[in-house]
Amino acid sequence: MHEVAHDLVGCVIRHGGAAGRIVEVESYHQEEPACHAYAGLTPRTATLFGPPGNAYVYRSYGIHALLNAVAEPEGVGAAALIRALEPVEGVDVMRARRGVHPLDALCSGPGKLTEALGIGLELNGATLTGDGPIAVFPGLGHRPVEVVRGTRIGITKATDLPWRFCDRDSPCVSRPWPAVMRDARASVARSGRGPRPAPA
DNA sequence: CATGGGATTGACT
DNA sequence: GTCAATCCCATGC
């Protein structure tokens with residue numbers, strides 16, 4: 001599961017005439033309370049317990065569609081939440097759907113990227129690896145990725161698990177980078193204000 | 001059947 | 001920094 005999440009960083013995902021390079025992913029697993037599958041097999045979580053490589057799309061806060069890739073064999077509820085992309089294709093389509101212009105604002109969040117790609121709840125259960133409407137493939141030809149790891153964000157349970165994977169060099173992540181990276185950058189002398197220092 | 005919460009975002013103080 | 005919007009579904013009566 002973590003391997004799936006880790007390896008998704010750097011891949012390209014395409015749908016609806018637009019595509020982006022994945023720069024931020026988080027893992028969720030049935031044995032941990034932040035995961036929807038923690039509640040067991042229900043109508044809502046059926047997709048999570050289904051075959052790996054399928055999309056699990058659900059509505060968040062009644063407003064946004066969030067996209068996951070099912071990441072464990074059938075019967076185990078686990079997935080990788082795709083949290084941010086760097087636009088690489090169909091930028092104008094993304095801008096039209098999002099209503100904003102800056103590149104790093106188009107897909108820098110799990111709700112933003114589904115809107116930019118035109119992904120809705122009707123795609124829950126669709127395959128990501130085959131010939132479905134959503135295509136995920138290796139980001140060959142793009143710059144190599146250096147993945148840094150940190151704790152997941154936006155959740156209220158199991159907040160201590162280091163299950164967030166980010167492209168260290170992308171300006172399109174949804175929130176500040178993991179502490180690992182802030183530490184790495186702190187070693188570089190910097191005159192003005194830099195990234196906010198990690199709270200103890 | 002009624003209720004409450006949430007893996008978010010954008011607007012506002 | 002705070003806060004509302006909005007809907008699916010898990011849970012409890």
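On a predicted model such as this, the values are computed, not experimentally measured, just so you know. Lettering follows sequence order; numbering is per chain, from 1.
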Tell me whether [X] contacts the main-chain N or O of [Y] through its side chain, where contact means a donor paired with an acceptor under 3.5 Å.
{"X": "A:T159", "Y": "A:T156", "answer": "no"}
{"X": "A:R149", "Y": "A:H6", "answer": "no"}
{"X": "A:R164", "Y": "A:R152", "answer": "no"}
{"X": "A:Q30", "Y": "A:G77", "answer": "yes"}
{"X": "A:E24", "Y": "A:S174", "answer": "yes"}
{"X": "A:N68", "Y": "A:Y56", "answer": "yes"}

>> Between A:E115 and A:R98, does any side-chain N to carboxylate O distance fall below 4.0 Å?
In response: yes

> Just wondering, more than 12 heavy atoms not from A:E3 lying within 6.0 Å of its CD?
Replying inline: no

Atom [atom1] of [X] and atom [atom2] of [N]: how far apart are they, to the nearest Å?
{"X": "A:L8", "N": "B:dA7", "atom1": "CG", "atom2": "P", "result": "20 Å"}
{"X": "A:L66", "N": "B:dG5", "atom1": "CG", "atom2": "P", "result": "20 Å"}
{"X": "A:I155", "N": "B:dG5", "atom1": "CD1", "atom2": "P", "result": "18 Å"}
{"X": "A:H36", "N": "B:dG6", "atom1": "NE2", "atom2": "P", "result": "10 Å"}
{"X": "A:E122", "N": "C:dC8", "atom1": "CD", "atom2": "C1'", "result": "15 Å"}
{"X": "A:L113", "N": "B:dT8", "atom1": "CG", "atom2": "C1'", "result": "12 Å"}

>> In this structure, would A:L8 and A:L85 fall into the same cluster of hydrophobic residues linked by side-chain contacts under 4.5 Å?
In response: yes

> Can you tell me how far the CD1 atom of A:I82 sits from the CD1 atom of A:I13, to the nearest 0.5 Å?
Replying inline: 4.5 Å

Filtered N/O pairs between nucleotides 9-12 of chain C and protein, under 3.5 Å:
unit_1: C:dA10; atom_1: OP1; unit_2: A:T42; atom_2: OG1; d: 2.6
unit_1: C:dA10; atom_1: OP1; unit_2: A:R44; atom_2: N; d: 3.1

> Checking all strands, does A:R83 fall into the base, sugar-phosphate, or nothing category for heavy-atom contacts under 4.0 angstrom?
Replying inline: sugar-phosphate

>> Say we look at C:dA4 and B:dG4: how far apart would their P atoms be, to the nearest angstrom?
In response: 16 Å

> Between A:H36 and A:Y58, how do the two ring planes meet: parallel, tilted or perpendicular, split at 30° and 60°?
Replying inline: perpendicular

Taking only N/O atoms, report every protein-nucleotides 5-7 of chain C pair under 3.5 Å with atom names and distance.
unit_1: C:dT6; atom_1: O3'; unit_2: A:G62; atom_2: O; d: 3.4
unit_1: C:dT6; atom_1: O2; unit_2: A:Y61; atom_2: O; d: 2.2
unit_1: C:dC7; atom_1: O4'; unit_2: A:G62; atom_2: O; d: 3.4

> Would you say a side-chain N or O of A:K112 is under 4.0 Å from OP1 or OP2 of B:dG10?
Replying inline: yes

>> Reading 5' to 3' and counting Watson-Crick or G-U wobble pairs with both distances under 3.5 Å, write the dot-bracket notation for DNA chain B, | for bases paired outside the strand.
In response: ||||||.|||||.

> Relative to the 5' end of DNA chain B, which residue comes earlier, A:R98 or A:Y56, by the nucleotide with the nearest heavy atom?
Replying inline: A:Y56

>> Here's a test of your reading of the structure: between A:E115 and A:T156, which maps to the more 5' nucleotide of DNA chain B?
In response: A:T156

